[in-house]
Asks: 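Here it is, the structure in full.
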There are 2 protein chains.
Amino acid sequence: MTPSAPAPTRGRIDKRRAILDAAITVFARDGYAQASVDAIAAEARVAKPTIYNHLGGKENLFRTAMVEAAEESRRKVLATLEGFPTDPAGPEALRTDLNAIAWQLVDCMRSAAGWAMSRLLYAEAARFPDVYDAVQAEGGRQVNDALAGRLARLANAGHLEIPDPLRAARHFMALISADIPGLSALGTRAVADKVLRESIADGVDTFLRAFAKA
Amino acid sequence: MTPSAPAPTRGRIDKRRAILDAAITVFARDGYAQASVDAIAAEARVAKPTIYNHLGGKENLFRTAMVEAAEESRRKVLATLEGFPTDPAGPEALRTDLNAIAWQLVDCMRSAAGWAMSRLLYAEAARFPDVYDAVQAEGGRQVNDALAGRLARLANAGHLEIPDPLRAARHFMALISADIPGLSALGTRAVADKVLRESIADGVDTFLRAFAKA
DNA sequence: ACTATGTTGAACTCATCAGTTCAAATTCAT
DNA sequence: ATGAATTTGAACTGATGAGTTCAACATAGT
């Protein structure tokens, strides 16, 4: 709300980026309807007409900000999944690796922007079905495919027994994030890393009970 | 929006109930901010001042409607859990019973009001932390306790091997509802019963892989 | 320096909506 | 029937906010 700080930057710089970042911040904080374009302009240290020049109206601003944020988040997750060990030394190494994957995945949802995405998606899915499709049906599927691929390779190397990798990937995600909404009160409270790690370890444990090689 | 129908009922009847039901309907459809008190009045076939007489302002209307709806939903779930078999005939009967429990649980979230709760809770958790606490931290915990009790009794009767019933209950919930947000696009699309049943059966299957008696 | 382009602030329009007021109408209990 | 309590419609106030306009201004490329 308060411009407050270091002299309003003029001229043509990375206004567009600043606007989109500010939009995510303000939409996440206030929700779509309660977020005012003026507040976003202030947060971005930009004049209101600049927003309309770059991004049309409030609706399109919302769409663009959400989709770009989702793309970035998805890129991060996929990159993380790429570089993971396929053939751990033994059962304990496997458990450690799965915990590490799980931590990376959870860490993405846990960030402020991550919760912003979740909350806004939930809240506005009915009013912006196209945004939901772009973010979840598209990005969510890609992440699940990639995760299924990693799990399948672990199974192939003889560490897991997985009849249906896609299903196992969905259940892995569900198990490691089972406690998060409750623990963080839907993202409104901070969660201690230690607590989160225990919750994730629990999820991995159940997953291994179900899918570890007999 | 449209009054349309059978002559506006006057006098003192169940106005309060009608208002709260209409509030849930409209809040669920439009979201808190976009829902107008006039729209709720129209939906309830009631004059606007009547709402203010019964329930004060918009905020209190929201709080009351959410909390009462949550209480009713919780009562239904707990009642369902009460009447469930504790000692199935064998492994296949156990699986059938778990599928039945799971269906009941999912069916509550799946109703229009159920999704309304979820969506509104998510969207407004930051602005109405007290509502979140009343609904989730309170009701969610009770349901999880009850479910943990059922699972513990099944374990006690020798059908399951469960180290930590509370944890198992959380993971059971997570597994049987893993696919629902994706399948229903966060409640904005209808899901065929058959698809839902398969998704639930998958969750129960993974649960049994993890916790069935060896 | 000169110019095209992008940016700014500020004021403005128009719509929506929460909450209020009040006199007329309706219902219920007796 | 009568009177107390409640409901109703309709008009009103005040606030908030989306989107626009425009003259002044800053910046980049030439």
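Chain naming here is simple, since letters A, B, ... match the order of the sequence lines and numbering starts at 1 in each.
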Asks: Over 60° means perpendicular and under 30° means parallel, so classify the ring planes of B:Y32 and B:F27, tilted if in between.
Replies: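 Rings of B:F27 and B:Y32: parallel, under 30°.
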Asks: Taking only residues two or more places apart in sequence or in another chain, which ones pass ring pair (Phe, Tyr, Trp, His ring centres under 6.0 Å) with B:Y52?
Replies: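 For B:Y52 there are no ring pair (Phe, Tyr, Trp, His ring centres under 6.0 Å) partners, ignoring immediate neighbours.
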Asks: Among pairs that include at least one residue of residues 72-88 of chain A, which meet salt bridge (charged side-chain N to carboxylate O under 4.0 Å, His left out), considering only residues two or more places apart or in two chains?
Replies: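 For residues 72-88 of chain A, and leaving out neighbouring residues, there are no salt bridge (charged side-chain N to carboxylate O under 4.0 Å, His left out) pairs at all.
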Asks: Report, one pair per line, the protein and nucleotides 18-21 of chain C atoms (nitrogen or oxygen only) whose separation is under 3.5 Å.
Replies:
unit_1: C:dA18; atom_1: OP1; unit_2: B:A35; atom_2: O; d: 3.0
unit_1: C:dA18; atom_1: OP1; unit_2: B:K58; atom_2: NZ; d: 2.9
unit_1: C:dA18; atom_1: OP2; unit_2: B:V37; atom_2: N; d: 2.9
unit_1: C:dG19; atom_1: OP2; unit_2: B:Y52; atom_2: OH; d: 3.2
unit_1: C:dG19; atom_1: OP2; unit_2: B:K58; atom_2: N; d: 2.9
unit_1: C:dG19; atom_1: N7; unit_2: B:K48; atom_2: NZ; d: 2.9
unit_1: C:dG19; atom_1: O6; unit_2: B:K48; atom_2: NZ; d: 2.8

Asks: Does D:dT7 have OP1 or OP2 under 4.0 Å away from a side-chain N or O of B:T50?
Replies: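 Checking D:dT7 against B:T50, no side-chain N or O comes under 4.0 Å of OP1 or OP2.
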Asks: Atom CG of A:N53 and atom C1' of C:dG9: how far apart are they, to the nearest Å?
Replies: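 Taking atom C1' of C:dG9 as the reference, CG of A:N53 is at 14 Å.
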Asks: I'd like to know whether the aromatic ring centres of A:F172 and A:F211 sit less than 6.0 Å apart in this structure.
Replies: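 Judged by ring-centre distance (under 6.0 Å), A:F172 and A:F211 do not meet the cut-off.
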Asks: Using atom CG of B:D14 as one end and atom P of D:dT6 as the other, report the distance to the nearest whole Å.
Replies: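 Checked: the CG to P distance equals 16 Å.
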Asks: Going by the rule salt bridge (Lys or Arg N to Asp or Glu O under 4.0 Å), which residues pair with B:D97 if we only count those two or more places apart in sequence or in a different chain?
Replies: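 By the salt bridge (Lys or Arg N to Asp or Glu O under 4.0 Å) rule, B:D97 matches no residue at all.
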Asks: Can you sort out the partners of A:R95 under side-chain hydrogen bond (donor to acceptor under 3.5 Å, both in side chains), two or more places apart, ordered by chain and number?
Replies: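 side-chain hydrogen bond (donor to acceptor under 3.5 Å, both in side chains) check on A:R95 returns A:D205.
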Asks: Considering the terminal five base pairs at each end of the helix from C:dT3-D:dA28 to C:dT30-D:dA1, what angle separates the two local helix axes, rounded to 10°?
Replies: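 If I round to tens, the end axes sit 30° apart.
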Asks: Rounded to the Å, how far apart are A:I40 CD1 and D:dA18 P?
Replies: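 Answer to the nearest Å: 8 Å.
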Asks: Provide, to the nearest angstrom, the distance between the NZ atom belonging to B:K15 and the C1' atom belonging to D:dG9.
Replies: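 These atoms are roughly 13 Å apart.
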Asks: Side chain of B:T25, backbone of B:D21: donor and acceptor closer than 3.5 Å?
Replies: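 Checked: pair present.
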Asks: Angle between ring planes, A:Y122 versus B:Y122, binned at 30° and 60°: parallel, tilted or perpendicular?
Replies: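 Aromatic pair A:Y122/B:Y122 classed parallel.
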Asks: To the nearest Å, give me how far apart NE2 (A:H54) and P (C:dT5) are.
Replies: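 Rounded to the whole Å, the gap is 15 Å.
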